[in-house]
**Student:** 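I'd like to ask some things about the structure below.
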Amino acid sequence: MDFASVDNDADYARLAKRVDGLDVGILINNVGQSHSIPVPFTLTDESEMENIININCRGTLKVTRIVAPGMQSRRRGLILTMGSFGGWMPTPLLATYSGSKAFLQFWSTALAAELKPDNVDVQLVLSYLVTTAMSKVRRPSLLIPSPKPFVRAALGKIGAGEHSGVGSHISVNVNRSMHIDIRNRALRKAAREAKKN
Ligand SMILES: NC(=O)c1ccc[n+]([C@@H]2O[C@H](COP(=O)([O-])OP(=O)(O)OC[C@H]3O[C@@H](n4cnc5c(N)ncnc54)[C@H](OP(=O)(O)O)[C@@H]3O)[C@@H](O)[C@H]2O)c1
């Protein structure tokens, strides 16, 4: 499916149908696009800007929204999302890509705290350059691996402990409890009002 398209609800519906009933243990949110070359935000081609957000953010959210409920009900699963140094360090001339990866970082950390009680692990892979089509770097070097060793190293760290990219565990958990409380009160209020009417 084309993740750049916003007119692809039928594709997501097909995906949901294929996933339904399958024991999906691992979801890897790898799909991503960056700017074709570094570009000032004010000169960014509108379609490139929209594609980056649709692919990196909308696509990842919609696929996870389809796959995660099954993992919750089976009480096991792993959701890995490709982050980027560009999302960790604000990156001029890649502003839209940088923002999209920062979005994924906050989202992934928040989702991890939500799904932990259901025994579903959610992690973000905070990657620097890798020799792929996206980076346009051809030769591996000390700091820039080729995809195979990168993937081997990244997968080798699964289960070796958590590193939450943003926010300490304490503050994320305080935030979680606070919003569970606000939600429960709002639901009780809505139920009272529904009863009155
Ligand atoms: N390479 C790096 O230096 C680097 C650094 C940090 C983070 N990352 C992240 O790592 C992930 C993988 O990137 P990569 O380096 O392997 O780049 P890549 O070689 O350009 O691969 C991107 C992947 O996304 C898919 N994709 C892109 N646009 C799509 C669309 N509109 N619809 C469906 N699929 C689409 C591609 O599918 P096709 O192969 O079918 O085109 C490919 O599988 C991305 O999330 C990227 O942001 C990469």
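Note: hydrogens, waters and symmetry copies are ignored here, and every other heavy atom, side chains too, is used. For ligands, and for the atoms within them, numbers begin at 1 and follow the listed sequence.
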**Student:** Quick check: closest heavy atoms across Asn51 and Ala4, and the distance to 0.1 Å?
**Tutor:**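 Answer, listing the atom of Asn51 first, then Ala4: OD1-CB, 3.6 Å.
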
**Student:** Of all heavy-atom pairs between Ser84 and Leu126, which one has the smallest distance, and what is that distance?
**Tutor:**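 In this case the closest contact between Ser84 and Leu126 is O-CD1, 3.3 Å.
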
**Student:** Please confirm whether the backbone N or O of Ile52 pairs with a side-chain atom of Arg58, one donor and one acceptor, at under 3.5 Å?
**Tutor:**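 Between the backbone of Ile52 and the side chain of Arg58 there is no qualifying donor-acceptor contact (under 3.5 Å).
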
**Student:** Indicate whether the side chain of Asn56 and that of Ser100 have a donor and an acceptor atom separated by less than 3.5 Å.
**Tutor:**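 Note: Asn56 and Ser100 side chains meet the donor-acceptor criterion.
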
**Student:** Between Asp11 and Lys17, does any NZ, NE, NH1 or NH2 come within less than 4.0 Å of an OD or OE carboxylate oxygen?
**Tutor:**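 So Lys17 does not pair with Asp11 through a salt bridge.
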
**Student:** What residues come within 4.0 Å of ligand 1, counting heavy atoms only?
**Tutor:**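 Lining ligand 1 at under 4.0 Å, by heavy atoms, one finds Met1, Asp2, Phe3, Ala4, Asn30, Val31, Gly32, Ile55, Met82, Gly83, Ser84, Tyr97, Lys101, Ser127, Tyr128, Leu129, Val130, Thr132, Ala133, Met134, Ser135.
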
**Student:** Mind checking side chain to side chain contact (heavy atoms under 4.5 Å, CB included) for Ala113 and listing every partner two or more places apart, or none if nothing turns up?
**Tutor:**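 With sequence neighbours excluded, Ala113 shows a side chain to side chain contact (heavy atoms under 4.5 Å, CB included) to Val172, Asn173, Arg176, given in chain and number order.
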
